[in-house]
Amino acid sequence: MAPQLTGAGGAAAVKPQFHHFHHHRLATRHHHPSPTSLLSKLAFWSVCSLSLLLAFLLLSPSAAPAPQAAPDSPRRSLHTSSPSAATWGGAAWEKKVRASARVRRANGRGLSVLVTGAAGFVGCHAAAALRRRGDGVLGLDNFNDYYDPALKRGRAALLARSGVYVVDGDIADAELIAKLFDVVPFTHVLHLAAQAGVRHALVDPMSYVRANVGGFVALLEAARMADPQPAIVWASSSSVYGLNSHVPFSEHDRTDRPASLYAATKKAGEEIAHAYNHIYGLSLTALRFFTVYGPWGRPDMAYFFFTRDILAGRPITVYESAGGGTHQTTISRDFTYIDDIVKGCIGALDTAGRSTGNGGKKRGPAPFRTYNLGNTSPVPVTQLVDLLEKLLKVKAVRKIVKMPRNGDVPYTHANISLAQRELGYRPSTDLQTGLKKFVRWYLEYYMPGFAGKQKQHGSSNSKSSRGRSGNTSSAR
Ligand SMILES: O=C(O)[C@H]1O[C@H](OP(=O)(O)OP(=O)(O)OC[C@H]2O[C@@H](n3ccc(=O)[nH]c3=O)[C@H](O)[C@@H]2O)[C@H](O)[C@@H](O)[C@@H]1O
């Protein structure tokens with residue numbers, strides 16, 4: 001939810017139809033046939049259409065022909081990954097979109113933000129926080145099945161309760177995105193829809209290219225044509241540092257040696273963003289998130305599936321070291337709590353500075369920024385497991401292995417001085433505190449009965465129930 005919900009969590013599948021639509025728009029703008037040729041074409045196409053209609057009626061006993069969608073009637077979304085037959089368009093839909101994006105602050109001054117990946121982990125939390133401030137927020141998510149879509153629906157339901165509508169659609173649906181920019185003069189886009197996860201890129205490499213490159217370009221195309229052009233803040237990744245060994249990682253360090261395709265597509269996004277900033281005057285801010293965790297998190301991340309497997313008594317694979325020989329490195333992550341990340345996102349939105357172009361034309365230079373959002377205190381993965389054992393009161397069955405060559409990097413550590421200075425970013429949650437909140441949410445969400453028992457047990461027998469006592473049976 002993240003209400004990230006995909007983004008950072010919700011991965012966006014990209015649709016090829018974007019190209020057709022774009023060409024169609026260009027064609028209608030530049031080609032001017034004579035009135036006679038128009039009339040003869042009209043007559044020809046009318047005859048064709050009538051014949052087709054007749055053939056369809058004759059051949060299909062039950063189905064009535066679908067009427068051509070009028071601009072104001074609901075349309076079927078073209079993306080196929082959603083389990084529901086998503087629709088968009090129509091007066092009622094537009095009303096819902098406008099209401100969600102309306103600023104609700106008393107002084108009327110606030111942001112109007114399109115949050116992509118709003119049903120993903122970070123997206124959900126960020127959208128909720130913006131709404132709490134009184135900003136206007138519209139969500140967009142394709143609810144794909146990279147991980148359990150029910151979790152994404154749960155995050156969207158949470159947002160709906162606070163008045164944030166999440167449109168079921170894809171960032172690569174150019175027609176939909178253009179419509180959203182037509183209906184709402186967004187001041188900002190918080191772009192979190194992406195194909196996330198480092199290791200999954202070994203399994204489905206093209207999904208990364210479609211969402212993180214194709215989808216991002218589709219969004220930027222729509223944004224550059226929008227009037228007003230929004231400022232865009234988007235999720236890059238700590239993974240762009242790749243094989244960089246200069247610690248802590250600073251925005252000035254090398255990012256030209258990615259260790260995974262995921263990292264390479266995020267790095268490509270940073271370069272693409274630069275081009276759009278340069279050509280069209282779009283204000284662009286990349287946020288390099290460092291292993292974000294917390295309630296409503298992503299089930300594909302280690303802290304999440306370690307929790308699930310520890311509770312189920314299943315073994316977990318813990319990468320302990322890499323490098324071999326004399327250069328052993330403890331596998332560590334600069335785990336960053338979701339609330340801190342959300343504060344960083346909001347700081348970036350508030351300080352973004354305007355895009356300068358409109359209608360696809362640049363009018364002057366616009367801000368181009370990149371920030372690390374980490375916690376600045378790397379923790380070994382083995383210690384993450386220690387903490388989970390303590391919080392779950394269940395001993396993990398650990399299978400310790402050397403880190404395979406799967407795209408993971410051994411170590412991350414953010415230098416956050418730039419974000420501190422320019423965004424007022426000050427992370428304040430240590431891993432133990434943040435994991436405690438995650439575990440509480442996890443138990444309540446997935447195991448309400450167990451959570452209740454654990455609470456009772458904790459209050460009546462607080463001392464003996466803590467610590468790693470190996471009481472696996474209580475968890476099952
Ligand atoms: O910081 C980031 O940019 C990235 O953070 C995470 O990637 P990662 O740090 O690899 O997070 P996890 O997949 O949760 O892995 C955390 C740690 O656990 C380790 N791990 C993972 C899986 C496993 O079975 N065992 C294990 O020890 C990994 O090597 C890593 O050190 C996210 O999954 C990415 O989407 C995000 O972009």
Side-chain angles (χ1 to χ4, degrees), residues 2 4 6-11 117 120-123 146-147 192-202 207-208 211-212 234-242 244 249 255 258-267 269-270 286-294 297-310 314-323 329-338 340-341 344 371-375 378-388 396-414 416 431 434-435 438:
Q4 172 195 15
T6 78
F121 172 37
V122 181
Y146 167 57
Y147 60 81
L192 303 170
Q195 177 56 56
V198 174
R199 293 170 296 276
H200 184 66
L202 297 178
S207 64
Y208 290 79
N212 303 353
W234 69 283
S236 183
S237 159
S238 73
S239 64
V240 298
Y241 290 107
N244 172 53
F249 300 169
T255 53
S260 66
L261 179 67
Y262 168 70
T265 59
K266 284 293 180 181
K267 175 63 184 166
E270 294 190 357
L287 302 176
R288 293 176 179 163
F289 295 162
F290 283 69
T291 315
V292 190
Y293 71 99
R298 272 175 34 211
D300 64 317
M301 289 185 67
Y303 74 93
F304 198 116
F305 62 76
F306 281 175
T307 299
R308 183 194 60 211
D309 292 345
I310 291 170
R314 280 194 294 265
I316 57 170
T317 306
V318 182
Y319 306 148
E320 199 180 42
S321 62
T329 314
T330 304
I331 308 295
S332 304
R333 283 293 177 274
D334 197 358
F335 295 100
T336 310
Y337 189 62
I338 181 64
D340 291 324
I341 288 289
Y371 298 102
N372 287 341
L373 293 186
N375 194 50
V379 176
V381 175
T382 45
Q383 200 177 316
L384 165 78
V385 180
D386 293 346
L387 287 169
L388 286 175
V397 183
R398 302 182 193 213
K399 206 175 127 205
I400 309 284
V401 301
K402 284 219 169 3
M403 192 177 76
R405 195 168 302 157
N406 56 6
D408 274 333
V409 292
Y411 187 79
T412 63
H413 182 183
I416 56 162
L431 185 59
L435 275 183
F438 164 73

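Throughout, numbering of the chain's residues begins at 1 and tracks the sequence. Treat the numbers as computed from the prediction; the structure is a model and nothing was measured. Both ligands and their constituent atoms are indexed starting at 1 by order of listing.
Scored by the ring-ring contact (aromatic ring centres under 6.0 Å, His included) test, His200 finds Tyr146 as partners (sequence neighbours excluded). The salt bridge (charged side-chain N to carboxylate O under 4.0 Å, His left out) search around Asp300 returns Arg298, not counting sequence neighbours. Shown here are the salt bridge (charged side-chain N to carboxylate O under 4.0 Å, His left out) partners of Arg308, two or more places apart in sequence or in another chain: there are none.
Contact record, Phe335 with Asn375: O-CB, 3.2 Å, taken as the closest heavy-atom pair.
When heavy-atom distances to ligand 1 are checked against 4.0 Å, the residues falling inside are Ala196, Gly197, Val198, Arg199, Ser237, Ser238, Ser239, Tyr262, Phe289, Phe290, Thr291, Arg298, Met301, Ala302, Phe305, Phe306, Thr317, Val318, Tyr319, Ile331, Arg333, Val381, Asp408, ordered by chain and number.
In this model, a donor atom of one side chain and an acceptor atom of the other lie less than 3.5 Å apart for Thr255 and Lys267.
Here the two rings, on Phe304 and Tyr293, have centers that are 6.0 Å apart or farther.
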